[in-house]
Amino acid sequence: MPTTATACPPTATALVRRERKVLHAIGCGLRDDEIAAALAMPEDAVAGHLARILVKLGLRDRAAAIVHAFDCGLVVPGSGPRTQAVNPVPRTGSGRAAGSKVQISLLGPVHARQDGRPLKLGHLRQQAVLAALALRVDRTVSRQELLDGVWGMEPPVTNVVPVYVYRLRRTLHAGDGRPDPVIEHDRCGYRLVSGAVDVDVARMEQLVARAEEADRAGGPDELVRLCAQALDLFRGEPLAGLPGPLAELERLRLSERGIAIAQRMAQGQLRLGRHSEAVAGLFALSATHPLHEPVAAMLMGALYRSGRQADALTVFERARRRLEDDLGVPPSRMLRRTRQMILRGDEAGLGVVTAPR
């Protein structure tokens with residue numbers, strides 16, 4: 001995603017003392033009549049202060065003012081007259097309710113759950129903003145990065161990013177009615193707090209790292225087990241249906257990651273002599289990705305080592321036809337070389353095909 005730098009918007013320090021008090025009250029969710037009573041001023045004066053605040057800070061409407069009050073620190077999440085909790089849940093040292101992590105799933109349609117309860121994430125653009133933050137947990141993502149990644153060359157006509165983040169903050173809370181800072185404002189951008197969320201992409205990468213360690217230690221059983229756990233996290237096409245350049249790139253990257261994990265698992269199964277399991281998995285992978293030549297080559301090798309030379313050559317012919325019909329290209333040198341080794345009975349050359357890591 002592009003990392004174009006943007007200037008920080010005007011802050012609340014541009015306001016006079018009275019305007020700051022009004023902005024604080026607006027951020028706390030008070031109505032104009034409640035603000036008038038709290039600050040001892042006429043209700044129409046509140047509307048006048050709000051109009052000047054919007055002009056000074058370059059904000060579009062009251063909702064944007066609420067977001068700005070949180071972003072600039074005038075209002076602290078979980079405080080204020082609208083957010084007093086009764087019998088609050090015991091909290092950890094980090095300020096979060098114990099056991100209240102939000103589970104965010106990106107390896108399929110975007111979902112979020114908390115304590116087994118699905119959370120409503122809004123429309124697809126808003127989900128794409130959450131995905132952009134979830135893919136970079138604990139790293140500040142600027143508003144411009146979000147605009148570039150979610151909208152690309154067609155940015156919105158209004159400053160909707162703060163509004164989307166505000167809505168997501170209200171959805172991703174600690175489960176006790178208090179809007180804990182799952183999403184924090186950091187200078188000119190936003191970040192998802194690692195201690196507040198559990199993202200399936202991060203769990204998948206942790207499992208893959210453990211699988212690699214097991215492989216280096218000579219433990220193919222553990223390699224297969226951990227790769228299977230990582231693959232179980234995939235629920236279809238990653239980021240399915242999300243718009244924007246970032247989602248397109250990440251869909252491709254995560255799909256390739258899933259293919260590589262499946263190939264690694266098949267390698268482990270072949271080393272363990274579990275040929276039927278490896279062949280079954282590679283057949284399913286090839287059916288899903290019929291133009292992926294490394295998968296076809298690996299399937300051909302697995303079939304040959306299982307004593308199924310004719311089936312291995314059939315896989316080559318099927319791949320050749322798909323490549324010519326769909327892409328108008330011949331099989332790659334790797335695929336043709338695999339076929340020649342099968343025809344020659346070159347078992348040494350048909351060692352386990354190395355999957356990309």
**Message:** If I take atom CD1 from residue I104 and atom CD from residue Q114, how far apart are they, to the nearest 0.5 angstrom?
**Reply:** 10.0 Å
**Message:** What I'd like to find out is whether the side chain of R143 reaches to under 4.5 Å of the side chain of P162, using heavy atoms alone.
**Reply:** yes
**Message:** Whether the side chain of H68 engages the backbone of I66 through a donor-acceptor N/O pair (distance < 3.5 Å, no angle test) should be reported.
**Reply:** no
**Request:** State plainly whether one hydrophobic cluster holds both I26 and V55, where clusters connect Ile, Leu, Val, Met, Phe, Trp and Tyr through side-chain heavy atoms under 4.5 angstrom apart.
**Result:** no
**Asked** In Å, rounded to the nearest 0.5 Å, how long is the span from CD1 of I261 to CG of L207?
**Response** 8.5 Å
**Asked** Same hydrophobic cluster for V163 and V165, using side-chain heavy-atom links shorter than 4.5 Å among ILVMFWY?
**Response** no
**Message:** Evaluate E145 against R139 for salt bridge (Lys or Arg N to Asp or Glu O under 4.0 Å), listing each step before the verdict.
**Reply:** CA-CA 12 Å; E145 285 182 288; R139 201 210 92 178; 2.7 Å; yes
**Message:** Measuring only between side-chain heavy atoms, which start at C-beta, is I183 closer than 4.5 Å to R191?
**Reply:** no
**Request:** Please check if the distance between the ring centroids of Y164 and H123 is under 6.0 Å.
**Result:** yes
**Request:** Quick one: do L107 and L239 satisfy side-chain contact (heavy atoms from CB on, under 4.5 Å)? Show the steps, please.
**Result:** CA-CA 6 Å; L107 298 174; L239 305 173; over 6 Å; no
**Asked** Once you round to the nearest 0.5 Å, how far does CZ of R318 lie from CG of L299?
**Response** 7.0 Å
**Request:** Specify the closest pair of heavy atoms between A211 and C227, including all atoms of both residues, with the distance to one decimal.
**Result:** CB-SG, 4.1 Å
**Prompt:** In Å, rounded to the nearest 0.5 Å, how long is the span from CG of L54 to NE2 of H49?
**Reply:** 13.0 Å
**Request:** Check whether any side-chain N or O of R203 sits under 3.5 Å from a backbone N or O of A230 as a donor-acceptor pair, and report yes or no.
**Result:** no
**Prompt:** With a 4.5 Å heavy-atom cut-off, do R257 and M204 have their side chains touching?
**Reply:** yes
**Message:** Could you see if L272 belongs to whatever hydrophobic cluster contains L231? Use Ile, Leu, Val, Met, Phe, Trp, Tyr and a side-chain cutoff under 4.5 Å.
**Reply:** yes
**Request:** Check whether L327 and V315 end up in the same hydrophobic cluster, where Ile, Leu, Val, Met, Phe, Trp and Tyr are linked by side-chain heavy atoms less than 4.5 Å apart.
**Result:** yes
**Asked** Taking all non-hydrogen atoms of both residues, which atom of L343 and which atom of Q309 are closest, and how far apart?
**Response** CA-NE2, 4.1 Å
**Pairwise side-chain contact, S306 with V279, heavy-atom cut-off 4.5 Å (strictly under)** = yes
**Prompt:** Does L223 share a hydrophobic cluster with L282, counting links as ILVMFWY side-chain heavy atoms below 4.5 Å and allowing steps through other members?
**Reply:** no
**Request:** Identify the heavy atoms of E222 and R210 that sit nearest to each other, and give their distance.
**Result:** OE2-NH2, 4.4 Å
**Request:** Please report the shortest heavy-atom distance between P238 and R251, naming the atom on each side.
**Result:** O-CG, 2.6 Å
**Prompt:** Hey, does the side chain of R320 reach the backbone of P330 with a donor-acceptor pair shorter than 3.5 angstrom?
**Reply:** no
**Request:** Measure the shortest side-chain to side-chain distance between K56 and L15 over non-hydrogen atoms and say whether it is less than 4.5 angstrom.
**Result:** yes
**Message:** Can a side-chain donor-acceptor contact be found between R308 and Y304 if the only test is distance below 3.5 angstrom?
**Reply:** no
**Item:** Residue pair F234 / L254: nearest heavy atoms and the distance that separates them
**Value:** CE2-O, 3.5 Å
**Asked** What do the steps show when you test E184 against Y190 for side-chain contact (heavy atoms from CB on, under 4.5 Å), and what is the final call?
**Response** CA-CA 6 Å; E184 291 186 344; Y190 305 94; over 6 Å; no
**Distance in Å, R337 CZ paired with R339 CZ, rounded so as to fall on 0.5 Å steps** = 14.5 Å
**Asked** Do L335 and M300 come within less than 4.5 Å of each other through their side chains, counting heavy atoms only?
**Response** yes
**Prompt:** Has the side chain of R305 got a donor or acceptor atom that lies under 3.5 Å from a matching backbone atom of H275?
**Reply:** no
**Prompt:** Run the side-chain contact (heavy atoms from CB on, under 4.5 Å) check on D138 and L192 step by step: do they pass?
**Reply:** CA-CA 6 Å; D138 249 355; L192 208 58; over 6 Å; no
**Message:** Less than 4.0 angstrom from a charged side-chain N to a carboxylate O is my criterion; do R321 and E324 meet it?
**Reply:** no
**Q127 side-chain N/O to L242 backbone N/O, donor-acceptor pair under 3.5 Å** = no
**Item:** Pair D326 + R322: basic N to acidic O under 4.0 Å
**Value:** yes
**Euclidean distance, H185 NE2 relative to T140 OG1, rounded to 0.5 Å** = 9.0 Å
**Asked** Got D215 and R264 here, is their nearest side-chain heavy-atom distance under 4.5 Å?
**Response** yes
**Prompt:** Checking D200 side chain against L106 main chain: does a donor-acceptor pair fall under 3.5 Å?
**Reply:** yes
**Prompt:** Given side chains that start at C-beta, do those of M334 and P294 come closer than 4.5 Å, heavy atoms only?
**Reply:** yes
**Asked** Are R113 and L119 close enough, and set up right, to give a side-chain contact (heavy atoms from CB on, under 4.5 Å), and what steps lead you there?
**Response** CA-CA 5 Å; R113 303 181 72 86; L119 303 177; 5.8 Å; no
**A310 backbone acceptor or donor facing T314 side chain under 3.5 Å** = yes
**Request:** State plainly whether the residues D32 and R62 are in salt-bridge range, i.e. N to O under 4.0 Å.
**Result:** yes
**Prompt:** How far apart are the closest heavy atoms of P243 and A128, and which atoms are they?
**Reply:** O-CB, 4.0 Å
